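Following: one structure in structure tokens, then a few remarks.
We're numbering straight along the sequence, starting at 1. Read the numbers this way: they start at 1 and go in the same order the structure lists the ligands and their atoms. Note that the structure is predicted; figures quoted are calculated from it, not measured.
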Amino acid sequence: MTSRGPRVVVVTGASSGIGRETALAFARRGDELVLFARREAGLRQTATACEAMSGQAPLVVVGDVVRQEDLDRLAAECRARFGRIDVLVNNAGRGHRNVPFDELTDPEIDDVIRVNLTGAIRCVRALLPLLRMSPGATLVNVGSVLSRTTLPYYTIYCATKYGLAGFTDSLRFELRGSSVRVMLVNPGHTTTEFFDTANMDPKAFGPVRGVGPDTVASAIVRGVDRGSREIALTGWGRLGIAVNRFAPWLYRAVIGGQAKRGNPPGATANPAPPSATGGR
Ligand SMILES: NC(=O)c1ccc[n+]([C@@H]2O[C@H](COP(=O)([O-])OP(=O)(O)OC[C@H]3O[C@@H](n4cnc5c(N)ncnc54)[C@H](OP(=O)(O)O)[C@@H]3O)[C@@H](O)[C@H]2O)c1
């Protein structure tokens with residue numbers, strides 16, 4: 001909530017993890033929520049928890065970011081109920097098995113790119129007209145520490161998150177002078193369903209312990225309130241980004257020794273990509 005009243009906040013990927021906690025963090029401030037993801041049961045759980053905090057029932061839209069018709073429906077429902085969007089948290093995303101690049105299957109590669117990059121870009125395109133209806137709106141793209149650093153055995157994910165960072169930086173440039181601010185949030189290792197969905201072992205990220213998704217959510221709300229351009233979590237993540245930028249040889253020496261293929265025993269093939277099956 002601002003001095004102008006409750007904000008209209010759209011969160012994609014709000015059925016679990018960082019998206020759910022971000023929705024809750026805005027609801028705690030008294031804001032109005034729009035929740036989008038494929039799993040209706042997860043969205044309903046988030047909606048119930050948000051309503052308990054803000055007293056307002058969120059708008060729940062079940063859909064897939066890779067389906068244009070679902071994004072168009074999201075835009076239409078937001079327009080009909082609110083006529084504007086004050087904050088879009090463009091968060092839906094997925095990982096992949098941490099294996100050598102050429103062991104990933106075509107469907108795995110295609111799905112990660114379609115969800116993390118094409119879906120995220122199309123979501124912005126569908127909702128930008130509604131962000132433009134709000135004076136001082138904020139677009140939050142959820143990248144990763146891997147938007148600014150690299151990791152062996154995690155090549156396609158890095159490609160999508162670097163791509164999202166390039167899109168974010170260019171769009172911010174393009175929208176300068178407009179009423180829409182653009183922010184990139186780069187979480188580090190966060191303890192969510194992300195690793196199970198991707199059938200990957202978080203130990204592949206090295207010995208650094210993850211933070212809870214509520215920590216990322218608080219940072220997002222703070223960043224929106226302050227008008228930040230880019231934020232990174234955690235302290236280790238920020239250190240990794242700085243070392244990768246200013247002493248890439250040191251980054252390669254340290255991370256090269258830590259990163260390894262990390263699939264759980266027996267997990268030689270990824271499950272069918274969720275967006276190809278319409279759910280998981
Ligand atoms: N966890 C980490 O360590 C970490 C680190 C850096 C960045 N991130 C980023 O943070 C974001 C959130 O991930 P998380 O950690 O919170 O993982 P998560 O708990 O698995 O949440 C991912 C969310 O994205 C949604 N989603 C996935 N594919 C979708 C699709 N095709 N259409 C619509 N929604 C879709 C999922 O909902 P449905 O399955 O219901 O559709 C779910 O709500 C992602 O962009 C991820 O890349 C995570």
Taking only non-hydrogen atoms of G93 and a 4.0 Å limit, the atoms of ligand 1 in range are 22 (C), 24 (O), 27 (C), 44 (C), 45 (O)
Given R94, R38, H189, which has its nearest heavy atom closest to atom 28 (N) of ligand 1? R38
Within ligand 1, which atoms have a heavy atom of F195 less than 4.0 Å away? 3 (O)
The test is side chain to side chain contact (heavy atoms under 4.5 Å, CB included); show your working for V140 and T22 and say whether it passes. CA-CA 11 Å; V140 181; T22 302; over 6 Å; no
Could you tell me whether I18 and ligand 1 have an N or O pair separated by under 3.5 Å? yes
Just to be sure I read this right, does ligand 1 sit under 4.0 Å from the backbone of R20, its side chain, both, or neither, counting only heavy atoms? neither
As an exercise, identify every atom of ligand 1 less than 4.0 angstrom from a heavy atom of G17. 16 (O), 19 (O)
Answer yes when R73 and D70 have at least one side-chain N-carboxylate O distance shorter than 4.0 Å, and no when they do not. yes
Should L164 and V142 count as side-chain neighbours, where that means a heavy-atom distance under 4.5 Å? no
What atoms of ligand 1 come within less than 4.0 Å of a heavy atom belonging to S16? 18 (P), 19 (O), 21 (O), 42 (C), 43 (O)
In a check of side chain to side chain contact (heavy atoms under 4.5 Å, CB included) between V89 and each of L33, I18, V11, which one passes? V11
What atoms of ligand 1 come within less than 4.0 Å of a heavy atom belonging to V115? 28 (N), 31 (N)
Report the C-alpha distance between R94 and T197 in whole Å, list the side-chain angles of each, state the deciding distance to 0.1 Å, and finish with yes or no for side-chain hydrogen bond (donor to acceptor under 3.5 Å, both in side chains). CA-CA 7 Å; R94 58 162 303 177; T197 308; over 6 Å; no
Distance under 4.0 Å to a non-hydrogen atom of E193: what atoms of ligand 1 satisfy this? 19 (O), 20 (O)
Looking at ligand 1, does R114 have a heavy atom less than 4.0 Å from it? no
Looking at ligand 1, would G210 count as a contact under a 4.0 Å heavy-atom criterion? no
Sorted by chain and number, sequence neighbours left out, side-chain contact (heavy atoms from CB on, under 4.5 Å) with L175 holds for L128, R132, L171, S178, V180, V182
Does even one non-hydrogen atom of A120 get within less than 4.0 Å of ligand 1? no
Which of the listed options, L164, V11, V62, N91, holds the heavy atom that is closest to atom 45 (O) of ligand 1? N91
Closer than 4.0 angstrom: is that true for some heavy atom of T12 and an atom of ligand 1? no
Counting from 1 in the order shown, the ligand 1 atoms closer than 4.0 Å to a non-hydrogen atom of Y157 are 6 (C), 7 (C), 8 (N), 9 (C), 46 (C), 47 (O)
I'd like to check the salt bridge (Lys or Arg N to Asp or Glu O under 4.0 Å) partners of D110; sequence neighbours left out, ordered by chain and number. none
Tell me whether N116 has any N or O atom under 3.5 angstrom from an N or O of ligand 1. no
Judged by modelled atom types alone, do T12 and N91 share a side-chain donor-acceptor pair under 3.5 Å? no
So, S144 versus N186: side-chain donor-acceptor pair below 3.5 Å or not? no
Below the 3.5 angstrom mark, is there an N/O of G13, backbone or side chain, next to an N/O of ligand 1? yes
For R245, does the CZ atom sit with more than 12 other heavy atoms under 6.0 Å from it, leaving out its own atoms? no
Below 4.0 angstrom from a heavy atom of G143, which ligand 1 atoms are there? Numbered from 1 as shown, please. 7 (C), 9 (C)
Donor on one side chain, acceptor on other, E51 and T48, under 3.5 Å: no
V145, T192, V185, V65: member with heavy atom nearest to atom 17 (O) of ligand 1: T192
Ignoring hydrogens and angles, state whether a donor on the side chain of S16 or R39 is under 3.5 Å from an acceptor on the partner side chain. yes
